[in-house]
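This report concerns only the one structure given below.
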Amino acid sequence: MNELRKLIEAFIFAAESPLSLDRLCALLERSRAELRPMIEQLLSDYPPSRRGFYLAEVAGGYQFRTDPECAPWLRKLNRERPFRFSQAALETLAIIAYRQPITRAEVEYLRGVDSGGVMKTLLDKGLLRILGKKDVPGRPLMYGTSRHFLELFGLRSLEDLPTLKEFSALDPELAEAVPLDPQGEG
Amino acid sequence: MNELRKLIEAFIFAAESPLSLDRLCALLERSRAELRPMIEQLLSDYPPSRRGFYLAEVAGGYQFRTDPECAPWLRKLNRERPFRFSQAALETLAIIAYRQPITRAEVEYLRGVDSGGVMKTLLDKGLLRILGKKDVPGRPLMYGTSRHFLELFGLRSLEDLPTLKEFSALDPELAEAVPLDPQGEG
Amino acid sequence: MVIEIHLANFDGPLDLLLHLIKTNEMDIYDIQMVEITEQYLAVIEQMKQLDLDIAGEFLLMAATLIHIKSRLLLPACEEPEDEEEEDPRAELVRRLLEYQRYKEAAEALERLPQLERDVFINQFVPAEILEDADDEVTIGIYQLAEAFHRILRDVPSEVFHEVIREPLSVAEYVQIVIDKLAGGARRSFREVFSEQPSRAEVIVTFLAVLELVKMRMVKVDQASEHGDIWLQMAVSSADAKEIGLVEAVLGYE
């Protein structure tokens, strides 16, 4: 393959958004007259429907895109993504893991936002379990993490969770605030 | 092009990280025996150096990547500068890659310097992961490299790591005397 | 021999030592301790003159070098059992060799085609796989712990403990006990406590009763030796309110 055509291909492939002919000319320091026939060639090399992806002309530029016929299948990529957590779920899970048994109100106090929805999701996913009721007015439920939680994170027990000390040992900022035990590791 | 091969191509193209054969089998509801020859075919359809991109085997899966020869040009696309590893970060990463699972104290013994800050940075970048706690007094955390580490350096697996230069063929005793778990390398 | 050293270029004492050994073209298995120690100390001295913060590791290595050197300078022992004594340099050599391996491995890593530096992946994400994907992260145990410690850092620790420990105020419990004894009721010590009191509650209620007895507001009597203890207000409820039970008066926080 012609070196210049190879570069054009690589540029279009790697760019975040469709690349226009003008942009390609600027990037490669070449004239439109030189590049246009090469793009024509690429368009016929990657026509629609032949492969899993094609070279599309879109938004005044060029971009490789998946074949629309494959779309129903590609949707599965998203659904099958293993264990993805939103930032909210992650925070909530972290608080419960380290502070269990803990009530919803306490979680919300720490996060500063309503956490009922997130906790419900985590319960539905089997990552939390109810540990009983707290002996305070209103007797709110106390939550903790489940066995499934341990499995998911490859922990033998909750003791395997990294401790604050281990964290501060890695984080120089925290290290100043927390005295380090030099015998702590090794 | 065969419909199934087209779908495989589209999946690999659209996925955000390398897709393994097993994952493809699950997505397409086909057996490994059916898919493997198609992947072989795709590998030879997109060999390195011929086009602007090629089908790479990386981190236990398959991913389209640009030809490394195009890199000097492609860097012009990036507004942000790529993360540059310091010598300290590379050394630490190398030690952990070859010696995992390994504790922080062991890394520091090998490097001769405090490595907490570097290890924290590598953890933050998702290049390391915690493998559990070591069954020795103090139960220190054990670290290893992540999948993202393989992706970043384009390795199929840890076995793809460049071979460590042997200590010295003349002095096998020295090699045995290194005070670390010999199973650590793998 | 004067060696120009830029200290920032050295990753640690092992790195510096390796450099000195190489520039002197020494055999790593036969390090000339006198020479190396001298040069190493000269570098440390240079660091001091430049007013650089010398990391503890560099000083520790200096001490190790001096120690090895002195052991080598001692006359060989005459006793035969010392014949097989290990070369004092052995441990250092092992560490240097091991360190050198990883230094080379690091250089090899650096040469690998790096994502976003030497190779790039396509950025196109088909619309059909975008749904629900926003703002999500794949996590491991580190990310979980990291999330928690971030929260801990953001929440002031005192406030945090208040929520978890729920410190109980003696003044509050003094009021609770008074309320229970309202209208001149005579109650057993046990009844004064709430139904399933926590440890802290028991302690605080007890302290509250002691306070009230001390202030002569409550009478205590016991009919038999191990029998129930009975409590009764010694003043009228109205008087009790007038006393104005302020925590500061009670001396508790």
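Not measured: the values here are computed from a predicted model. Reckoned from all heavy atoms, side chains included, excluding hydrogens, waters and symmetry mates. Just so we're on the same page: letters track the sequence lines, and every chain starts at 1.
- The CD atom of C:Glu116 sits 10.5 Å away from the CG atom of B:Leu74 when rounded to the nearest 0.5 Å.
- With contacts defined as side-chain heavy-atom distances shorter than 4.5 Å, the pair B:Leu161/C:Leu109 qualifies.
- B:Arg111 has its side chain out of reach of C:Leu14: every pair of non-hydrogen atoms, C-beta onward, lies at least 4.5 Å apart.
- When B:Leu90, B:Asp67, B:Leu93 are compared by the number of non-hydrogen pairs under 4.5 Å with chain C, B:Leu90 comes out ahead.
- Only the side chain of B:Gln63 comes within contact range of chain C, judged by heavy atoms closer than 4.5 Å.
- For chain C, the option among B:Asp124, B:Thr92, B:Val58, B:Leu155 with the highest count of heavy-atom pairs below 4.5 Å is B:Asp124.
- Remark: C:Leu115 CG to B:Leu150 CG distance equals 12.0 Å, nearest 0.5 Å.
- Heavy-atom distances place the side chain of B:Pro162, and not its backbone, under 4.5 Å from chain C.
- Proximity to chain C is absent for every atom of B:Phe53, based on heavy atoms less than 4.5 angstrom apart.
- With values rounded to the nearest 0.5 angstrom, C:Asp15 atom CG is found 5.0 Å from B:Gln87 atom CD.
- Only the backbone of B:Phe64 has a heavy atom closer than 4.5 Å to any heavy atom of chain C.
- Between atom CD1 of residue B:Ile95 and atom OH of residue C:Tyr99 there is a gap of 7.5 Å, rounded to the nearest 0.5 Å.
- C:Phe120 has its side chain out of reach of B:Arg65: every pair of non-hydrogen atoms, C-beta onward, lies at least 4.5 Å apart.
- The two residues B:Gly112 and C:Glu57 have their closest heavy-atom pair at O-CG, 3.3 Å.
- For a residue to count as touching a neighbouring chain, one of its non-hydrogen atoms must lie under 4.5 Å from one of that chain's; by this rule B:Leu128 does not touch chain C.
- Side-chain contact check for C:Asp118 versus B:Arg75: some heavy-atom pair is nearer than 4.5 Å.
- Going from atom CZ of B:Phe153 over to atom CZ of C:Arg117 covers 7.5 Å, rounded to the nearest 0.5 Å.
- The residue among B:Pro72, B:Gly154, B:Ala88, B:Cys70 with the most heavy atom pairs within less than 4.5 Å of chain C is B:Ala88.
- Residues B:Arg84 and C:Glu110 meet the side-chain proximity criterion, which asks for heavy atoms closer than 4.5 Å.
- Side-chain atoms of B:Tyr98 and C:Arg101 form no donor-acceptor pair, as typed in the model, at a separation below 3.5 Å.
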